[in-house]
Colleague: 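Have a look at this one before I ask anything.
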Amino acid sequence: MELDLFARRSDYQWEIPPHGAMRVPGVIYADETLIRAMDHKVYEQTVNVACLPGIVRAAYVMPDAHWGYGFPIGGVAAFDPDEGGVVSAGGVGFDISCGVRCLHTGLTRDDILRVQKPLADRLFQCIPAGVGSSGAIRLDSQEMDAMLAGGAKWAVERGWGEPADLERIEEGGRMKGARPAAVSQQAKKRQRDEMGTLGSGNHYLEIQEVVAIYDRPAAAAFGLIEGATVIMVHCGSRGLGHQIGTEFLKQMAIAAADHGIILPDRELACAPIQSPLGQEYLGAMRAGINCALANRQILTQLVRQVFAELLPAARLSLLYDVSHNTCKVETHRVDGRMRELYVHRKGATRAFGPGHPDLPETLRASGQPVLIGGSMGTGSYILRGVAESEELAFASACHGAGRAMSRHRAQHTWHGRQVIDDLAARGILIRSPTQRGVAEEAPDAYKDVGAVVDAAEAAGLARKVARVAPLICVKG
DNA sequence: ATGTTC
């Protein structure tokens with residue numbers, strides 16, 4: 001994008017002053033290189049979001065942003081229900097509550113390398129991955145509703161995990177206010193045998209080594225030391241979330257005129273928070289959040305089983321589990337008063353600073369772990385929430401590297417086999433059901449995650465704690 | 001992201 005579209009507030013903050021139907025400014029956090037490389041669509045979509053009723057303060061955009069359905073991926077927008085604020089299915093994204101979970105292993109890099117190949121093979125055998133993959137679990141309609149209401153807590157109660165896991169998951173592992181009855185039979189049917197599956201696209205399960213520490217006290221609080229290994233699971237609510245998103249987008253688009261909402265783009269379909277449709281979506285979306293939390297919990301248990309078999313000394317415990325596709329009710333200070341807002345984060349991670357009451361006591365002093373999944377083979381980052389992010393972006397940060405190239409173009413640029421061989425030569429084992437998927441996810445199809453994270457830090461959204469590098473990647 | 005185009 002051309003820099004003259006923006007008022008430059010700092011080297012890392014670019015404002016789109018309100019014009020036309022914009023109710024608030026747009027604010028993009030990025031360095032000059034990242035913002036120049038962003039598609040012009042990000043600008044258009046940010047302007048459009050800023051036009052929506054009841055939006056508070058600004059439409060924010062994270063440094064990893066790229067264009068998405070209606071809202072940019074990497075967008076944060078908060079709405080006030082008392083000022084006509086809306087909830088938008090496109091503002092959450094199709095993969096409701098897609099997120100990242102990070103587990104300690106209690107093992108070193110050398111422990112992993114000793115069994116690297118059998119571990120990769122066994123994880124690939126035991127973790128269902130790919131489009132339409134199904135798991136070993138079948139849910140009848142009663143259990144489906146229990147899962148949609150109970151999230152990871154439901155999973156732990158059924159034996160998938162340990163009660164201690166729950167305190168390191170957002171919302172204690174169970175999103176309140178879910179309405180399983182608001183989820184269609186079709187969505188439930190699609191999910192019936194998809195629990196405990198990774199999915200496809202950018203979803204993955206990685207074994208990673210801690211290769212750099214930037215913030216010693218926070219790393220100590222997070223239990224991260226150089227040479228230690230962690231596991232990151234990146235996945236979401238599978239077919240159920242997608243079905244909910246599809247159905248509500250359609251309904252919101254049809255109902256917009258009845259709600260007196262003029263949509264600058266049909267893809268921005270939304271409904272007033274205080275409308276029956278808005279409430280119905282929120283109930284279904286929260287059920288989708290529980291589905292994703294339960295899914296990551298079951299996957300955790302599958303990974304634990306593999307480790308118990310090959311590395312019995314391992315002790316898999318949660319660092320944290322945080323979603324990056326949600327709409328959540330949060331209290332934020334705006335113009336000197338506390339307001340209850342509906343914060344959409346689409347491809348953006350919640351990043352509560354130190355002292356936030358929603359953080360578990362063991363993490364309260366350091367701030368929330370912010371889990372940033374990089375592209376395959378390039379490494380990922382663990383950051384922590386900071387106080388400044390509250391004012392800057394309702395306590396949010398980036399979520400990953402962000403695509404730099406379309407899937408289509410990536411497919412025609414690389415061969416999956418070559419990508420796998422190149423990474424193997426660097427000691428990284430990839431296992432995937434599809435060569436095409438690997439080509440689409442080639443490291444160079446993404447932005448430089450290091451540059452994204454540095455921009456997020458320089459902008460004041462979060463602080464770097466550690467960098468991790470992959471040893472094994474099971475790719476959806 | 002996605003029973004990869006109801």
Side-chain angles (χ1 to χ4, degrees), chain A residues 45 64-75 88-101 128-135 137-139 144 183-205 233-251 253-254 266-267 269 284-285 287-289 291-293 295-296 299 323-327 344-349 373 375-376 399-403 405-412 416 432-441 445-446 474-476:
Chain A
Q45 293 191 325
D64 52 338
H66 53 111
W67 71 283
Y69 189 94
F71 285 56
I73 296 164
S88 168
V92 170
F94 283 93
D95 190 4
I96 294 167
S97 200
C98 182
V100 179
R101 167 176 296 210
V131 173
S133 55
S134 56
I137 298 158
R138 300 281 176 280
L139 298 184
M144 176 64 68
V183 178
S184 71
Q185 288 307 316
Q186 183 62 14
K188 292 173 181 175
K189 185 179 158 200
R190 283 181 67 171
Q191 194 60 28
R192 204 164 45 193
D193 58 3
E194 285 197 343
M195 296 308 294
T197 66
L198 203 51
S200 65
N202 64 357
H203 291 169
Y204 60 78
L205 185 149
V233 182
H234 177 208
C235 69
S237 52
R238 307 286 288 109
L240 181 128
H242 190 266
Q243 189 67 26
I244 292 170
T246 303
E247 290 169 6
F248 278 94
L249 265 163
K250 202 176 291 174
Q251 288 185 56
I254 293 166
R266 188 183 178 276
E267 292 185 1
M285 189 264 312
I289 290 178
C291 176
L293 296 180
N295 193 31
R296 291 197 286 272
L299 286 166
S323 302
H324 48 234
N325 280 5
T326 58
C327 174
H344 295 65
R345 293 188 184 89
K346 178 186 186 183
T349 307
S375 54
M376 184 174 59
H399 83 306
R403 288 202 80 88
M405 188 189 283
S406 71
R407 291 187 176 279
H408 185 78
R409 208 179 130 205
Q411 250 182 73
H412 291 275
S432 174
T434 114
Q435 303 267 314
R436 195 182 86 177
V438 172
E440 288 179 357
E441 294 294 317
Y446 280 83
V474 176
K475 193 81 203 163

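First the proteins, then the strands, lettered A, B, ... as listed; each starts at 1.
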Colleague: For A/Lys250 and B/dC6, what is the distance between atoms NZ and C1' respectively, to the nearest whole Å?
Modeller: 7 Å

Colleague: Using whole Å, report how far CG of A/Leu240 lies from C1' of B/dT2.
Modeller: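 To the nearest whole Å, that distance equals 12 Å.
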
Colleague: Please confirm whether the shortest side-chain N or O distance from A/Ser200 to OP1 or OP2 of B/dT2 is below 4.0 Å.
Modeller: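 Checking A/Ser200 against B/dT2: at least one side-chain N or O falls below 4.0 Å of OP1 or OP2.
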
Colleague: Expressed as a whole number of angstroms, how long is the span from A/Asn295:CG to B/dT2:C1'?
Modeller: 14 Å

Colleague: A/Lys189 NZ to B/dC6 P: how many Å, rounded?
Modeller: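 Result: 14 Å.
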
Colleague: Mind checking A/Gln186 for me? I need base, sugar-phosphate or nothing, with any heavy atom below 4.0 Å counting as a touch.
Modeller: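 Here A/Gln186 touches the bases of the nucleic acid.
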
Colleague: Please classify the nucleic acid contact of A/Gly199 as base, sugar-phosphate, or nothing, using heavy-atom distances under 4.0 Å.
Modeller: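 Answer is sugar-phosphate: A/Gly199 comes under 4.0 Å of backbone atoms only.
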
Colleague: According to salt bridge (Lys or Arg N to Asp or Glu O under 4.0 Å), who are the partners of A/Glu194, at least two apart in sequence or on a separate chain?
Modeller: A/Arg238

Colleague: What contact category does A/Arg436 fall into here, base, sugar-phosphate, or nothing, at under 4.0 angstrom with non-hydrogen atoms?
Modeller: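 The residue A/Arg436 makes base contact.
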
Colleague: Could you go through A/Arg138 and A/Met195, starting from their C-alpha distance and side-chain angles, then the distance that decides it, and tell me whether this counts as side-chain contact (heavy atoms from CB on, under 4.5 Å)?
Modeller: CA-CA 8 Å; A/Arg138 300 281 176 280; A/Met195 296 308 294; over 6 Å; no

Colleague: Whole angstroms only, please: what is the NE2-P distance between A/His242 and B/dC6?
Modeller: 10 Å

Colleague: Starting at CD of A/Gln243 and ending at P of B/dT4, how long is that distance when rounded to a whole Å?
Modeller: 12 Å

Colleague: Would you indicate what A/Gly201 reaches in the nucleic acid, counting non-hydrogen atoms under 4.0 angstrom: base, sugar-phosphate, or nothing?
Modeller: sugar-phosphate

Colleague: I need the CD1-P distance between A/Ile73 and B/dT2, as an integer number of Å.
Modeller: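 Taking atom P of B/dT2 as the reference, CD1 of A/Ile73 is at 13 Å.
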
Colleague: Is it true that atom CZ of A/Arg192 has more than 12 heavy atoms of other residues, nucleotides or ligands lying nearer than 6.0 Å?
Modeller: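 No, CZ of A/Arg192 has 12 or fewer neighbouring heavy atoms, counting only those of other groups under 6.0 Å.
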
Colleague: Determine whether any donor atom in the side chain of A/Arg238 lies under 3.5 Å from an acceptor atom in the base of B/dT2, or the reverse, and answer yes or no.
Modeller: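 No, the side chain and the base share no sub-3.5 Å donor-acceptor pair.
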
Colleague: Round to a whole Å and report the spacing from CG of A/Leu198 to C1' of B/dT2.
Modeller: 14 Å

Colleague: For A/Thr246 and A/Phe94, which heavy atoms make the closest approach, and how far apart are they?
Modeller: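 It is OG1-CE2, 3.6 Å.
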
Colleague: Quick check on A/His412: does its NE2 atom have over 12 non-hydrogen neighbours (other residues, nucleotides or ligands) under 6.0 Å away?
Modeller: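 Correct, the count exceeds 12.
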
Colleague: What is the nucleic acid contact for A/Gly239, judged by heavy atoms within less than 4.0 Å: base, sugar-phosphate only, or nothing?
Modeller: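 Touches sugar-phosphate only.
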
